[in-house]
Amino acid sequence: MSGQPHRLPRGGLIDRGQRVRFVHDGRSYEGFAGDSLASALLANGVRVVGRSFKLHRPRGILGSGVEEPNGFVETGAGGLVEPLAAATAVELRPGLVSRGLGGWPSVRFDIGGLLDFAAPLLPAGFYYKTFKAPAALWPLYERVIRRLAGVAHAPEEPDPSRYAKRWHHADVAVVGGGPAGLAAALAAAEAGARVLLVDSDHRLGGSLLGGREEIAGRPALEWVEAVRARLAARPDVLVLTRATALGQHDHGFLSVLERTAPDSEGPRARLWKVRAKRIVLATGALERPLAFADNDRPGVMLAGAVRTYLNRYAVAPGRRAVVFTNNDSALRTALELDEAGVAVAAVADLRAEVSGPWAEALRERGIPLLTGHAVAAVRGRGAVRGVTLARLTDDGGALLPGTEQDVACDLLAQSGGWSPTVHLHAHVGGRLRYDAETAALRPIPSEGPWRVAGAANGTFDLATALAEGTEAGRDAAERAGHAPGAPSPALSASATPPLAPRALWRVPAKSRRARRFVDLHNDVTVADVELAVREGYRSVEHLKRYTTAGMGPDQGRTGNLLALGILAEERGEPIDAVGTTTYRPPYVPVPFGALAGRDVGTLYEPVALTPIDSRHAAAGAEFQNAGSWRRPALFPRPGEERAAAIAREALTVRRAAGLFDSSTLGKIELHGPDAVELLERVYANRWRSLPVGTARYGLMLRDDGTILDDGVTARLGENRYLVSTTSGGARTVHDWLEEWLQCDWPDLDVAVIPVTTQWASVTVAGPNARAVLGSAVLGGAGTDIDLSAAAFPHMTVREGQVAGLPARVFRVSFTGELSYEVNVPAGHGPALWDALLEAGRGFGIAPFGLEAVHILRAEKGYIILGQDTDGSQTPHDLGLSALVADGKPDFVGKRGMRRRHFAGPGRLQLVGLLTEDPAAVLPEGACIVETTDRRPPVPKLGTVTSSYASPALGRSIALALLRDGRERIGRTVTVDGDGGFVRATVTEPRFYDPEGHRLHA
């Protein structure tokens, strides 16, 4: 065909009426709708599509699907670039622009190819042995290694595409749209189950798309279309194509990546999170190569892939072929090559005897079938030019002298057997066994909610695979709660002779210098595996990391079993004893955009607004983000400097009254008879003695004894508590409580309910706070709550009316002043704010923001977790030992806190600092040092954690974490500040009203 010299004149599943122009490596080509990029390149005679990672050897297309280890390309441009895509999985589309990877300046002419000549100096693990000395050359080594490392380049421009996430529930999820998967989905659907069918191709059919099989006496693809139509007619069936199951997780959970059609206007990809009662894995099998001399030449392909290109894409990858195999499946490829007009020069079969219908058909057509033969060498570099065949000894360990024959060809179709795709089975702990009959790892049936069927189960006969899929679907539907119904009649199918492979993991070579590749992408050879074992890397996981076998983008789909087989032979043990490397999700690369979905930009972490936010904006507040919340930092007046505004707000609270929006504090309600038991277990202090209507400050610890969160918890009723957390700790504490309840203490009868956003909270603080609260008017006068100190003391809670609004009022303080925290339903927040602000006009009230709060709390020595702690502090380090109830039988963190490490010297402890110069404000984060000599090493004693100019005290104050801080109280230390060294006196971390007279008022 003009412009596509390797395109067959008829056949295939392509649309010859739609010609598609595309550009690859700067050259323009033409293909058809329905092509993959790989099939279009082969149709145009493009052999070299990439370079190998280590040696930069020229590489061509090997497979036809996700197993491809060679043909990786970059597609698109700008923010739409996809930096690492297998050409076999890229759908051809108009205007597609792609570039082969691994070569510079191009894959055709690659300067890195010079590394191939240095191959004897670059064996397995050479980097561990080479880049050690001299140390002075390490900067050079690093630059060279970083220059050569990696396969592709990450895009530098923002991706303009949209991505999405979907959640789905099904009775039965079927992974794989091949014969077994379609049979399973149909059987489950006809039993009444809600079915999800997932397939990575854009067409259903699986292996049937690349073959000429028959089912029920008609072409298999007609059966596929009939099943597709029956599934589409059922409203309770969802079929996802272009969708790959990335992983199977516990409890019937699947993660699925769906890529939308090239011309789709919707999201570029969707990440599906699927929960299914039962799962059927019909993921098929992948063909393995053979490890023979120079098996990486462009033009050496998998026989099954060649068959797919012939039948699905109408592409003949060569004009004269040799087939090299250890099993029957490649014999069928030889026959179909011959039928397509490709000359088959010879079929070399590793087995000493070959029989069956396909072997007989080869002999009838006069195609030489050389049993007991192997490919001893491959000629050519940028393309196959010919092969050398030779007879094997009976044990397969050597070539018989004098039996060599040269055969000219431009295509070598090979098959080393088929490996069931067991990744999803193994993701959730499914075990494998080596089956000598198929020379493959097969799944061991599991007690979990999944079942494996078809080729993924090692069942390679089509009729048997169909029956197995049907039974798996019926069983899954029944276990999901549906009656299975009457059994369907068994489907007849084209006869498939047993594969009967000969497992020869290392094919002898004509030359001892010839390289036999195990991992084509990473240039791992048979010799590398042998060397690794000699050097002591006998564990399969060590072998993987030392040789990098299976660590490329293809994740060893084609080469892993070869490496295991060679390792087993070197160790003199069966493959089962050697084991396998760990299968981990995701099964295919996942775009970061799909993981993020729409959680990008302003939606990455949506800014949370308090119910009173509009009032702050109207008042001209200067905002700052605190965690996920937008909070007012200060309320500057016209023409007022920032520092002056903050000082004014702080003094207003100390002298009159201030109004603060405290809605962001975390609020979690505990309900149930075991609520107090939960509190006793997760807090360091006691709770059983807390009366109803009172509150207590508590510390929540991690398992290791360090502080997780702090806050006030109030008892609202006999079995009802309200836990207050830090603004940023609400989610953490809620998750912490739920994890303990669900995983460790499921016997506790308690409900944990997050209610942070259900309430608006306004704090009135200062000497005039009681008068302001008693005067608030909005549809009603003041409050019906007795605000007297005797009736409403510090650390109590009352419910009633405030300004005519139903309210819950806490008498707690984070400022050290008389303070009331008024909670009303969120919708009443603005009205409460207005009423309190109006009521306080005669009492000097003013709103204050976070900056003033920080000064006020620091004056009292109140900590902010994450600012005055670094995650390693225990209650003792912060001077809060009195809150730890040592007499309690147990609580989270009790044993961790008793470790000797926490009791020894050198602990960072919370202290106060007063500079010798009262006007000198220490920079937060400044180091406290032992000496003014800055020559390294400089011993560090601690860090300044909070530092402010205190308007109430008329001087600077600071909090710090200081090594053995309590023992240093009264001493002088040196702080390495921005402008030089500053002397400061270590004090107790309480500067203002240390006895607490003002907050008790």
Side-chain angles (χ1 to χ4, degrees), residues 169-185 187-188 191 193-200 206 244-256 273-286 418-460 464-482 484 540-541 555 557 560-561 564 574-587:
H169 290 261
D171 294 328
V172 179
V174 180
V175 182
L182 287 172
R194 292 177 301 159
V195 176
L196 172 68
L197 175 62
V198 173
D199 190 75
S200 58
T244 303
L246 303 173
Q248 184 183 189
H249 315 276
D250 291 335
H251 310 298
F253 184 75
L254 289 170
S255 52
V256 177
K273 300 179 180 182
V274 178
R275 187 75 69 179
K277 295 178 181 178
R278 304 294 301 182
I279 297 172
V280 178
L281 301 179
T283 46
L286 299 175
W418 294 79
S419 296
T421 307
V422 294
H423 299 66
L424 299 180
H425 169 77
H427 284 171
V428 281
R431 295 182 297 120
L432 308 173
R433 64 178 178 85
Y434 179 72
D435 178 27
E437 185 178 339
T438 57
L441 293 167
R442 297 181 62 176
I444 297 174
S446 169
E447 295 298 323
W450 75 93
R451 179 171 172 177
V452 189
N457 198 37
T459 303
F460 297 108
T464 308
L466 288 167
E468 200 170 271
T470 299
E471 174 56 28
R474 284 168 48 81
D475 179 69
E478 185 174 3
R479 290 174 182 266
H482 298 272
V540 63
E541 295 287 2
Q555 291 294 286
R557 293 187 182 94
N560 266 4
L561 191 57
L564 293 179
I575 289 180
D576 280 337
V578 170
T580 67
T581 54
T582 304
Y583 296 85
R584 296 184 179 93
Y587 180 63

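Residues: numbered from 1 along the sequence shown.
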| field | Main-chain N/O of R584 paired to H423 side chain as donor or acceptor, under 3.5 Å | value | no
| remark: For A440 and W418, the nearest pair of non-hydrogen atoms, with its separation, is CB-O, 3.3 Å
| task | Locate the shortest heavy-atom distance separating S419 from L561; write the atom from each residue and the value. | result | OG-CD2, 3.8 Å
| said: Can you confirm whether more than 12 heavy atoms, excluding those of E437, are under 6.0 Å from its CD atom? | reply: no
| task | Please confirm whether the backbone N or O of T421 pairs with a side-chain atom of T283, one donor and one acceptor, at under 3.5 Å? | result | yes
| said: side-chain contact (heavy atoms from CB on, under 4.5 Å) for L197 and L182? Distances and angles first, verdict last. | reply: CA-CA 8 Å; L197 175 62; L182 287 172; 3.9 Å; yes
| request: May I ask you to decide if Y434's main-chain N or O and D576's side chain share a donor-acceptor pair within less than 3.5 Å? | output: yes
| More than 12 foreign heavy atoms under 6.0 Å from CZ of R275: is that the case here? | yes
| task | State, with a plain yes or no, whether a side-chain heavy atom of E541 is found less than 4.5 Å away from one of T581. | result | yes
| task | For R442 and V452, run side-chain contact (heavy atoms from CB on, under 4.5 Å): C-alpha distance rounded to whole Å, both residues' side-chain angles, the deciding distance at 0.1 Å, then the answer. | result | CA-CA 10 Å; R442 297 181 62 176; V452 189; over 6 Å; no
| query | Nearest heavy-atom pair of V175 and A245: which atoms, and what distance? | reply | CG1-CB, 3.7 Å
| field | L432 and H425, any side-chain heavy atoms less than 4.5 Å apart | value | yes
| note | Tightest non-hydrogen contact, residues H169 and R194, listed as O-NH1, 3.8 Å
| said: For a 4.5 angstrom cut-off between non-hydrogen side-chain atoms, does L564 reach L441? | reply: yes
| query | Would you call R451 and E471 a side-chain contact if the rule is heavy atoms closer than 4.5 Å? | reply | yes
| task | Return the minimal non-hydrogen interatomic distance between S446 and G448, and the atom names on each side. | result | OG-N, 2.9 Å
| task | Would you confirm whether T244, through its side chain, and S200, through its main-chain N or O, come within 3.5 Å as a donor-acceptor pair? | result | no
| request: Quick one: closest heavy-atom pair of T470 and A183, and the distance? | output: OG1-CB, 3.5 Å
